[in-house]
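Proteins come first, then strands; the chains are lettered A, B, ... in the order of their sequence lines, and each starts at number 1.
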Protein chains: 2
Amino acid sequence: MPSRQKTKTRREKLENREEAIIESARAILNEKGFSKTTMAEIARAAGVADGTVYIYFKNKEDLARAVLAQFYDKLTETAQTGVDKRSGSIAKLKFLARHHMSRVMDNWRILEMLPLIDMKMDSYEGSDLYKLNRAYVAVFDRVAERAHEEGLIGSGTPLWVLRDMFFGSMDYGARTMLLIRQDDNINWFVDNLISTLFGRVEPSDKRRADVVDRLEAIADRLEDKL
Amino acid sequence: MPSRQKTKTRREKLENREEAIIESARAILNEKGFSKTTMAEIARAAGVADGTVYIYFKNKEDLARAVLAQFYDKLTETAQTGVDKRSGSIAKLKFLARHHMSRVMDNWRILEMLPLIDMKMDSYEGSDLYKLNRAYVAVFDRVAERAHEEGLIGSGTPLWVLRDMFFGSMDYGARTMLLIRQDDNINWFVDNLISTLFGRVEPSDKRRADVVDRLEAIADRLEDKL
DNA sequence: CCTGTAAATGAATATTCTTCAATTTTAGTG
DNA sequence: CACTAAAATTGAAGAATATTCATTTACAGG
């Protein structure tokens, strides 16, 4: 049956076209921002007529949503892959932070569309974008839970607060770094962030912990003697 | 000389009109957001013709900038006043946090215009809005420096990182609270935020204290024996 | 009261999103 | 291969809205 073949080819062609439109939109939106980007320009870059874009996407917002969805999808994948490669909760968290910050800084014009587009307040939960966002932060949640089990995080602070602090600090930090302190490097920020949020695993602390271990051993021996 | 009188009256009238336009814009922008708000609607609400708005403001962005500027101006004043009323660095910081969060949550549609409008990358430093933003965060900086002098903050983390974490966590937290956990209260978030950022009593510290207790007890008994 | 300047107006213009009637392409069929 | 119905595409027209500007109105100073 060649019909299936042909159908598949056709579908593929459509998907390619959709891909091309999203890719053109992504590039232009990230360069100019939402309001300065015109549908005509996107259509031209994708090699289609103005009206064609509206066959694939309901309107400009919907297209921007698709761009954001693709962004989150890729972001989650590279984040998870990178986390899996590292060993040790702190190393995983630091990777996640560096990864997030560099992506935010490279794509801030894409990300700044989020509140603009998605803050509908009604339809947000249940939306594709919401689910993709959940999937992304879940990468953090798993690592943070693991770190908690290992005793690296004081149990006083709820996970969702830590999560908001983790991502909020970085989103804000990325913005000030872009605007003002362009030359400061990401690593410094990330190290400070992680050590503030998660039980300060600095060298000095490790040494202090060792000292405490030794003192406990001494206490044990002295108590035996007494 | 009645001329001065009359001139003053006229100038006052103009300033009142400018005020009226800003106030109408503020109300409508905070209700509908930037893109859904039309200049015609603002003009109507302010009781002027469409063209009149453009005598006072170059364009829609410029008007939105004026609204943001007024917002930051008021925000800084109420923040400083509130801080002055409290005593103790932690109380001041908690007030500042609660104050910030409630204002953000009440005015998020105004605030979400910030990246839209001001992320010019070139003209930002030196702009009015930048100066007002600096003035606002300076309120935090003064309190944090004081807290640092009092030993409430570990000196490891630079002030600018703490500042980004402070405001970033809240901006992000406010958004998730608006979108998802509407019923959770601000105080819980703020308490967790402050205790994570400032003067955290970690598990390791508790353990250290326990060991000291044991050793002191042992020392007492040894002294008795000798 | 008169006059020149500043302020205000709103109809006209310009830009850009979105729709849709007409056209082209494609898949399936005899 | 020719034909047909459905799907996809086109680009010009329509609609919404920001912005301009020629004209009118209000006012301060004489």
Closest contact, heavy atoms only, B:V83 versus B:K92:
O-NZ, 3.0 Å

Just by modelled atom types, is the B:G173 backbone N or O under 3.5 Å from a matching donor or acceptor in the B:T176 side chain?
yes

Describe the nucleic acid contact of B:F57 in one word from base, sugar-phosphate, nothing, applying a heavy-atom distance below 4.0 Å.
nothing

Of B:D84, B:T78, B:T76, the residue whose pairing with B:Q80 passes side-chain hydrogen bond (donor to acceptor under 3.5 Å, both in side chains):
B:D84

Would you compute the distance between atom NZ of A:K58 and atom CG of A:L63 and round it to the nearest 0.5 angstrom?
12.5 Å

Sub-3.5 Å pairs of nitrogen or oxygen atoms, protein against nucleotides 22-24 of chain D:
none

Show your reasoning for whether side-chain contact (heavy atoms from CB on, under 4.5 Å) applies to B:Y136 and B:H100.
CA-CA 10 Å; B:Y136 177 53; B:H100 184 82; 2.7 Å; yes

For A:R146, look at atom CZ and say whether over 12 heavy atoms of other residues, nucleotides or ligands are found less than 6.0 Å away.
no

Any residue of residues 18-29 of chain B with a heavy atom less than 4.0 Å from an atom of DNA chain D:
none

Taking A:A66's backbone N and O only, do any of them form a donor-acceptor pair with A:D128's side chain (distance below 3.5 Å, no angle check)?
no

Would B:M39 and B:D50 satisfy side-chain contact (heavy atoms from CB on, under 4.5 Å), going step by step from the backbone distance to the final call?
CA-CA 7 Å; B:M39 293 298 266; B:D50 292 14; over 6 Å; no

What are the two closest non-hydrogen atoms of B:N30 and B:W108, and how far apart are they?
OD1-N, 4.1 Å

A:Y172 side, atom OH; A:M177 side, atom CE - distance, nearest 0.5 Å
14.5 Å

Heavy-atom contacts, protein to nucleotides 9-21 of chain C, under 4.0 Å, summarised as B (base), S (sugar-phosphate only) or - (none) per nt, yield BB-----SSBB--

Separation of D:dA8 atom C1' from A:N16 atom CG, nearest Å, is 15 Å

